[in-house]
Amino acid sequence: MTDDLLVLKTETDAALAAAGDLRAWDAVRVAILGKNGRLTGLLKELGKTPPEQRRERGAALNQLKDALSGAIEARRTALEGAALDARLAAERLDPSLPPRPVPAGLIHPISRTMEEMTAIFGAMGFATAEGPDVEGDWNNFGALNIPAHHPARADHDTFYLPGLDGGTPRVLRTHTSPVQTRTMLTQPPPLRVIAPGRTYRADHDATHSPMFHQCEGLVIDRDITLGHLKGCLIDFLRAFFGIASLPVRFRASYFPFTEPSMEVDIGWNRKTGELGAGGDWLEILGSGMVHPRVLANCGIDPREWQGFAFGMGAERLTMLKYGIPDLRPFYESDIRWLRHYGFNPLAPAMLHEGV
Ligand code: PHE
C-alpha cells in the first residue's frame, strides 16, 4: 500500500476510535465513504492515474475500501452495543425493593380502625354484617326493646325522616344495633357477627359529631355465658391496643336490649393519656347478654338460644390508640391532617397476634 493510503487508513482508525457515539461515528463514515469522502475522492482520481500504474493502484484502493468499510461497521456494532448497555443500566428496575412511601392516597384512621376490628374479630371467627344508614323505627328501636315513649329514646337525639307513603317515620340509625335485628331476622342461629358502620345523632360539639362510627358485635348460641362475653372483649381490647396487660373492668349498667348490661372500662393515666397503667378508668364500650325479649322480637326462641352483644365507638378507640386529640378534623378532609395521621395502604395492619 502506498504512503497516502496508509495515512488514510491510520487516520480513519484513529477517528473511529475517537468517535464516542453514533453521531460522531456517522461523521467519520461520511468523511471517508460519503459522496465527497476521502476514499471516494481517491477512487474518482483512479481514472487520472497513468495506465501502467492503474491496475496496481486500483487493487490497492479496493483493498483499502474493504478494510475501511469493515472497520467502520465494526465500530458501529460496538457503539450500538454500548448504547444498549447504557440504556439497560439506566432502566434497571429491582422488583424486590420495598415500595417507597406513597405521598398521597393514605388510609383514613377510621378506615384503619375498622379494618383492624374486622381482622381481630375475624380471627375469632366473626363474620361481618351490614345494614342501611336509613332504618325503620322498629329495627332501630322497637325490636331492641325501646318502645315509642321509652326514656332511652331521649338519649339518642334521633334524626327522623319522613316515612314511605305516609307510613311510620324512618330514622338515620342511632347505633349499629339494628344490624343485630336484621341478622337475627334473616339468619338462623348460631350467629357470630360484627357490624362496623356509620351512625348518626343530632349532637355536635368538640367530642360529638352528628355522624360517627360504631362496631356492633353479636354472638348467639345455646350455651353462651357472661364469661364468653368477658373473654371475647378482653382479648379484643388487648389485641387492638397492643397491650398484653391492659386492665379491663366490667361495670354494671343499663341498656334496654341487654340484661344484664355492662359498660367496659380500660385502665389509663388520666393526666398523661397513657393507656394500660395509671390507676384511672376510661369507659370504652357497652355490652350485655341479649335480652330474651329482643331474641323473641327477632324470631329466636329465648328458651333455646342466648348470647351477648356489644357496641363500641370507632372514633373514640381511634383517638385513644393513635393519640389523636381532637374529633372534629376526622371529617374536615384536610390533606395535612390526613398526611399526618393517615396510613400507608401498602403497610399491613398491625394485629398484635398472640398478645
Ligand atoms: N347500642 C349501644 C350504644 O349505642 C351499645 C351497645 C350495643 C350496648 C350492644 C349493649 C349491646 O350505646
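Index from 1, following the sequence. Counting starts at 1 for both ligands and their atoms, in listed order.
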Taking Pro147's backbone N and O only, do any of them form a donor-acceptor pair with Arg153's side chain (distance below 3.5 Å, no angle check)?
yes
Distance from atom 5 (C) of ligand 1 to nearest protein heavy atom, with residue and atom
Gly311 CA, 4.0 Å
Considering non-hydrogen atoms of the protein only, which is the closest contact for atom 2 (C) of ligand 1, and what is the distance?
Phe257 CZ, 3.7 Å
So does [X] pair up with [Y], basic N to acidic O under 4.0 Å?
X: Arg182; Y: Glu135; value: yes
X: Arg303; Y: Asp301; value: yes
X: Asp26; Y: Arg23; value: no

Please report whether the ring centroid of Phe236 lies less than 6.0 Å from that of Phe121.
yes
Taking the six-membered ring for Trp, are His108 and Phe343 closer than 6.0 Å centroid to centroid?
no
Mark up the atoms of ligand 1 that fall under 4.0 Å of a heavy atom belonging to [X], in ascending order.
X: Gln214; result: 3 (C), 4 (O)
X: Ser177; result: 1 (N), 7 (C)
X: Gln180; result: 9 (C)

At under 4.0 Å between heavy atoms, is it the side chain or the backbone of [X] that contacts ligand 1, or both, or neither?
X: Arg201; answer: side chain
X: Ser287; answer: backbone
X: Phe310; answer: backbone

Could you label the plane-to-plane angle of the His175 and Phe141 rings as parallel, tilted or perpendicular, counting under 30° as parallel and over 60° as perpendicular?
tilted
Contact with ligand 1 for Phe308, non-hydrogen, under 4.0 angstrom:
no
N/O of His175 under 3.5 Å from N/O of ligand 1, yes or no?
yes
